[in-house]
Amino acid sequence: QVQLVESGGGLVQAGGSLRISCVASGRTFNIYRMGWFRQAPGKEREFVTTIMWTGGSTDYADSVKGRFTISRDNAKNTVYLQMNSLKPEDTAVYYCAATPYGGQWRSAARYTDWGQGTQVTVSS
């Protein structure tokens, strides 16, 4: 099992930037891919971005492409999500997730371990 702890959420004005982090512990050797998902009130959890644990192979939802960047620091067992040009519609709880599987990385069902989430609020 992998434990995931997110941090760095907060309140930011539209057009601003925020970086959130996710620290992994436990059986990190099992991780194949890490992902960020988000869930706004009254909406389903949606895919944001993903990265292979060993680096490379990223993917982004169209809604965040060009504004968000995922990265990882394996020495620190940490994945980051740099969010620029934030919009009010980016407001959500952001969840970090890990999976030992390849493929279908946009599906939340593919991920086996989840963090508790961090709130990101973008004011207009």
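Position 1 is the first residue of the sequence, and the numbers go up from there. Here the structure is a predicted model, which means the values were calculated and not measured.
By the rule that hydrophobic residues join a cluster once side-chain heavy atoms approach within less than 4.5 Å of another member, W114 and W53 end up as members of separate clusters. Under a hydrophobic-cluster definition in which Ile, Leu, Val, Met, Phe, Trp and Tyr are linked whenever side-chain heavy atoms come within less than 4.5 Å, directly or via other members, Y111 and L81 are assigned to different clusters. By the criterion of side-chain heavy atoms lying less than 4.5 angstrom apart, applied directly or through intervening Ile, Leu, Val, Met, Phe, Trp or Tyr residues, F47 is not grouped with Y94; the two fall into different hydrophobic clusters. Following chains of ILVMFWY side-chain contacts shorter than 4.5 Å, one can reach I31 starting from I70, so the two form part of one hydrophobic cluster. Residue V48 is grouped with residue I51 when hydrophobic side chains (ILVMFWY) are merged at heavy-atom distances under 4.5 angstrom, including chains of intermediate members.
Counting only residues at least two apart or in different chains, disulfide (SG to SG under 2.5 Å) contacts with residues 27-86 are absent. Identified under the disulfide (SG to SG under 2.5 Å) test for residues 5-98, with sequence neighbours left out: C22-C96.
Side-chain N or O atoms of R19 include none that pairs as donor or acceptor with a backbone N or O of G8 at under 3.5 Å. Between the T91 side chain and the V122 main chain, a donor and an acceptor come within less than 3.5 Å of each other. Put simply, the side chain of R106 never gets that close to the backbone of D59: no donor and acceptor are under 3.5 Å apart. Although no hydrogens or angles enter the test, the distance criterion places no donor-acceptor pair under 3.5 Å between the side chain of Y95 and the main chain of G35. Under a 3.5 Å cut-off, the side chain of E6 and the backbone N or O of Q116 do form a donor-acceptor pair. Remark: the backbone N or O of E46 is not paired with any side-chain donor or acceptor of R38 at under 3.5 angstrom. Formation of a donor-acceptor pair under 3.5 Å by the S85 side chain with backbone atoms of R67 is not found in this model. Of the possible donor and acceptor atoms, none in the side chain of T50 sits under 3.5 Å from a partner among the backbone N and O of T58.
Atom CG of D90 sits about 10.5 Å away from atom CG of L18, to the nearest 0.5 Å. Distance check, rounded to the nearest 0.5 Å: NZ of K87 to OG of S124 gives 14.0 Å. Note that CG of N77 is 4.5 Å distant from OG1 of T28, once rounded to the nearest 0.5 Å. The structure places OH of Y101 at 12.5 Å from OG of S107, a figure rounded to the nearest 0.5 Å. In this structure, T118 OG1 and W36 CH2 are separated by 7.5 Å, a value rounded to the nearest 0.5 Å. Taking OG1 of T121 as the start and CG of L11 as the end, the distance is 6.0 Å to the nearest 0.5 Å.
Scanning for side-chain contact (heavy atoms from CB on, under 4.5 Å) contacts around K65 gives Y60, D62, with sequence neighbours left out.
Considering all non-hydrogen atoms of both residues, G9 and V120 come closest at CA-CG2, 4.2 Å. Of all heavy-atom pairs spanning R110 and G102, the tightest one is NH2-O, 2.7 Å. Nearest heavy atoms, A98 versus M34: CB-SD, 3.5 Å. The two atoms that bring V2 and A24 nearest to each other are CG1-CB, 4.2 Å, heavy atoms only. The two atoms that bring S21 and T78 nearest to each other are CB-CG2, 4.2 Å, heavy atoms only. L86 approaches M83 most closely through the heavy-atom pair CD2-CB, 3.8 Å.
The cationic atom of R45 (NZ for Lys, CZ for Arg) does not lie both less than 6.0 Å from the six-membered ring centre of F37 and within 45° of the ring axis.
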Checklist entry - Could you walk me through whether S57 and R33 pass the side-chain contact (heavy atoms from CB on, under 4.5 Å) check? => result CA-CA 9 Å; S57 184; R33 185 173 282 277; 2.7 Å; yes

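A heavy-atom distance below 4.5 Å is not found between the side chains of T99 and W105.
Salt-bridge annotation for D113 and R27: absent, with no side-chain N of the basic residue lying under 4.0 Å from a carboxylate O of the acidic one.
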